[in-house]
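One structure below.
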There are 2 protein chains.
Amino acid sequence: MGTTQLETVPEPKYWHLKTVLREALDADFAVGEILPNERDLAARFGVARATLRQALEQLELEGRLQRRRGVGTTVAPPRVGVDVSTTRGEWPGAAQDAWRPVDCDLTGVPAEVATLLETEVGEEVHTVRRIRISHGQSVAAERLYVPASSVPELSAIDAPSGPARARGVLRELQHLGLDGQDRAVELGSAGADDARELDRLPGAPVLVVTTRYVAGGRTAAVSVATYRADTCRLTFGASGDLEIGENPQERQAS
Amino acid sequence: MGTTQLETVPEPKYWHLKTVLREALDADFAVGEILPNERDLAARFGVARATLRQALEQLELEGRLQRRRGVGTTVAPPRVGVDVSTTRGEWPGAAQDAWRPVDCDLTGVPAEVATLLETEVGEEVHTVRRIRISHGQSVAAERLYVPASSVPELSAIDAPSGPARARGVLRELQHLGLDGQDRAVELGSAGADDARELDRLPGAPVLVVTTRYVAGGRTAAVSVATYRADTCRLTFGASGDLEIGENPQERQAS
DNA sequence: GAGTGGTCTAGACCACACG
DNA sequence: GTGTGGTCTAGACCACTCA
């Protein structure tokens with residue numbers, strides 16, 4: 001007899017769990033509602049806790065769940081759209097953008113951005129730290145690297161560090177002519193300090209937006225912004241926020 | 001005696017492992033080189049295999065490693081920049097873009113895109129499947145949803161499905177005036193079929209690029225493209241590919 | 001068939017939040 | 001203190017690739 005077996009690809013348990021949970025989320029849970037704890041859920045589905053966690057992890061990655069240690073697992077609201085479209089030829093820090101300056105210091109250029117900035121090793125850069133708040137929570141942390149040579153007029157009157165200094169650097173940038181900018185988006189994981197500012201654990205997935213600002217034929221500044229990948233949807237294009245609707249990030253076809 | 005303890009926050013083992021491995025990758029390994037297998041590595045570091053795997057998983061997420069079942073773990077090349085900038089007012093499928101039509105069918109509008117398309121439930125849409133090849137590997141899979149009403153002239157002469165049909169739909173689109181487009185990027189996980197076309201396992205992290213094409217005051221088409229998050233860096237802006245350099249996705253600060 | 005990564009288990013302990 | 005999610009262990013078996 002033909003061991004037909006058709007295509008009984010043994011679907012992993014966690015994969016099936018994901019599907020079941022997703023349907024349950026759509027049908028039986030409201031945004032913000034807390035789920036049963038992991039031990040209960042695992043028992044209910046007859047799997048080990050680790051397996052259940054694998055399903056929860058992916059659902060969190062897809063922005064459907066939010067888990068917080070010591071608290072529990074809650075149903076996440078739809079991702080917020082944050083506009084990252086290139087606003088004509090504007091420097092960061094121009095007329096009330098969504099960012100709040102946090103700190104600033106002057107150090108040697110870090111290796112990761114040295115090539116981007118086209119600087120010599122050892123050249124000094126101002127590092128401006130900013131936070132982006134949206135809908136009441138911080139959604140992104142940014143490091144803006146500005147070579148000291150880009151803002152030679154920076155007054156020594158400003159504080160040597162802190163938010164005031166940051167605003168000083170941003171102010172000086174506005175005086176430069178901006179020729180253009182490049183931008184790239186990729187997946188990364190939050191470092192220890194970014195994680196703290198984004199209220200996530202280290203290693204949390206983030207969307208890294210790298211922007212290179214060109215002025216006077218050279219790279220005058222580089223911004224590296226890390227957005228919470230679980231809660232954010234980056235929007236581009238003229239219409240910006242809320243134009244594109246709900247999460248289409250998973251189209252199951254098992 | 002003061003139990004100073006200073007700030008001995010017990011850093012998780014996998015986190016420390018990540019750091020060690022990353023440094024080893026930078027120093028001792030060439031791109032494409034294969035690492036020792038997971039059991040050996042775990043033994044070498046004196047941790048359980050699951051812990052070692054947690055570190056490898058994150059390094060893969062950051063694009064530093066590539067793991068393939070039955071083969072091994074290799075050092076990944078730097079991410080490729082793929083240009084996703086909005087080319088003026090062009091429809092998909094215009095003069096040799098990077099996409100290869102794969103298939104096409106006509107079905108009722110799926111729920112996930114119904115609201116985006118502003119269609120009634122039950123309205124018929126052409127679903128064009130395309131693949132994007134870059135540097136010899138498929139980097140993205142796309143579904144382009146075109147309401148039948150957007151391309152009324154579509155000839156019945158074309159094949160009812162398959163690549164030829166896909167090209168037919170794309171051809172018809174070119175005749176429409178394009179008013180504008182919205183775009184959004186978010187993190188997702190690959191469904192079973194996307195995973196197959198991208199040569200990844202289901203659940204692999206992807207960057208989902210959703211584009212809404214507006215023509216004649218309404219949404220004439222919607223594209224949902226999933227890019228391999230491990231190997232791709234999405235680039236925008238005039239200068240496109242290769243303008244922005246190496247992976248700055250992790251700035252450790254432990 | 002041998003070796004690889006992928007899945008799964010049944011425990012244990014830890015860090016954190018909250019009452 | 002109690003309960004939550006986060007980390008970790010030491011196994012086991014499975015699916016896949018390749019010689």
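Since the structure is predicted, the reported quantities are computational estimates derived from the model, not experimental observations. Numbers restart at 1 for each chain; the letters A, B, ... are given by sequence-line order, proteins then strands.
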Note to self: For a quick test of reading the model: is some side-chain N or O of B:T73 closer than 4.0 Å to OP1 or OP2 of C:dT4?
What the structure shows: no
Next item on the list: Compare side-chain N and O positions of A:N37 against OP1 and OP2 of D:dG3 and report whether any pair is under 4.0 Å apart.
Entry: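 So the side chain of A:N37 is outside the cut-off, no N or O lying under 4.0 Å from OP1 or OP2 of D:dG3.
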Notebook entry, point to check: In residues 26-36 of chain A, which residues come under 4.0 Å of DNA chain D by heavy atom?
Noted result: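 Of all residues in residues 26-36 of chain A, none places a heavy atom under 4.0 Å from DNA chain D.
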Item checked: Exam field: side chain A:R79 to backbone B:L187, donor-acceptor pair closer than 3.5 Å ->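 Confirmed, A:R79 side chain pairs with B:L187 backbone.
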Show every donor-acceptor pair shorter than 3.5 Å between a side-chain atom in residues 25-33 of chain B and any protein atom, with sequence neighbours excluded, or say none if there are none.
residue : atom : partner : partner atom : Å
B:D26   : OD1  : B:R64   : NH2          : 2.6
B:E33   : OE1  : B:A30   : N            : 2.7

Checklist line | Minimum-distance nucleotide to B:R67 side chain [options: C:dT9, D:dT7, C:dG5] | finding: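 For B:R67, the side-chain atoms sit closest to C:dG5.
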Item checked: Shortest side-chain distance from A:Y14, nucleotide among C:dG5, D:dA10, C:dC8 ->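 Nearest listed nucleotide: C:dC8.
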Checklist line | Under the salt bridge (Lys or Arg N to Asp or Glu O under 4.0 Å) test, residues paired with B:R130 that sit two or more places apart | finding: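 Expected list: B:D97, B:E142.
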Next item on the list: List for me each residue that meets salt bridge (Lys or Arg N to Asp or Glu O under 4.0 Å) alongside B:R129, sequence neighbours excluded, and say none if there are none.
Entry: B:D194, B:E197
Check: Between A:S85 and A:D83, is any side-chain donor less than 3.5 angstrom from a side-chain acceptor?
Finding: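 Yes, A:D83 and A:S85 have a side-chain donor paired with an acceptor closer than 3.5 Å.
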Check: In terms of side-chain heavy atoms, does B:Y14 have a donor or acceptor partner in B:R53 at a distance below 3.5 Å?
Finding: no
Between atom [atom1] in [X] and atom [atom2] in [N], what is the gap in whole Å?
X	N	atom1	atom2	answer
A:L41	D:dG6	CG	P	13 Å
B:L56	C:dT7	CG	P	14 Å
A:F45	C:dA10	CZ	C1'	19 Å
B:Q58	D:dG6	CD	P	13 Å
B:L52	D:dG11	CG	P	16 Å
B:R49	C:dT4	CZ	P	10 Å
A:K13	D:dC14	NZ	C1'	12 Å
A:R53	D:dT7	CZ	C1'	8 Å

Item checked: Quiz item: A:R39 side-chain donor-acceptor pair to D:dG3 base, under 3.5 Å -> no
Notebook entry, point to check: Side-chain donor or acceptor of B:R68 under 3.5 Å from a matching atom on the base of C:dG6?
Noted result: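 Result: no qualifying N/O pair found.
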Qualifying residues under side chain to side chain contact (heavy atoms under 4.5 Å, CB included), relative to [X], sequence neighbours excluded:
X	value
B:E23	B:T19
B:P163	B:R167
A:A76	A:Q66

Notebook entry, point to check: Base, sugar-phosphate, or nothing for A:L201, non-hydrogen atoms under 4.0 angstrom?
Noted result: sugar-phosphate
Show each protein N/O and nucleotides 17-19 of chain C N/O combination with a separation under 3.5 Å, one pair to a line.
none

Next item on the list: With DNA chain C as reference, determine whether B:E57 or A:T51 sits nearer its 5' end, using the nearest nucleotide of each.
Entry: B:E57
Note to self: On DNA chain C, does the nearest nucleotide to A:A50 precede the nearest nucleotide to B:E38 from the 5' side, or the other way round? Give the residue.
What the structure shows: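 Whichever sits nearer the 5' end wins; that is B:E38.
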Notebook entry, point to check: Which pairs pass salt bridge (Lys or Arg N to Asp or Glu O under 4.0 Å) with one or both residues in residues 67-76 of chain B, sequence neighbours excluded?
Noted result: B:E38-B:R67, B:E57-B:R67, B:E60-B:R67
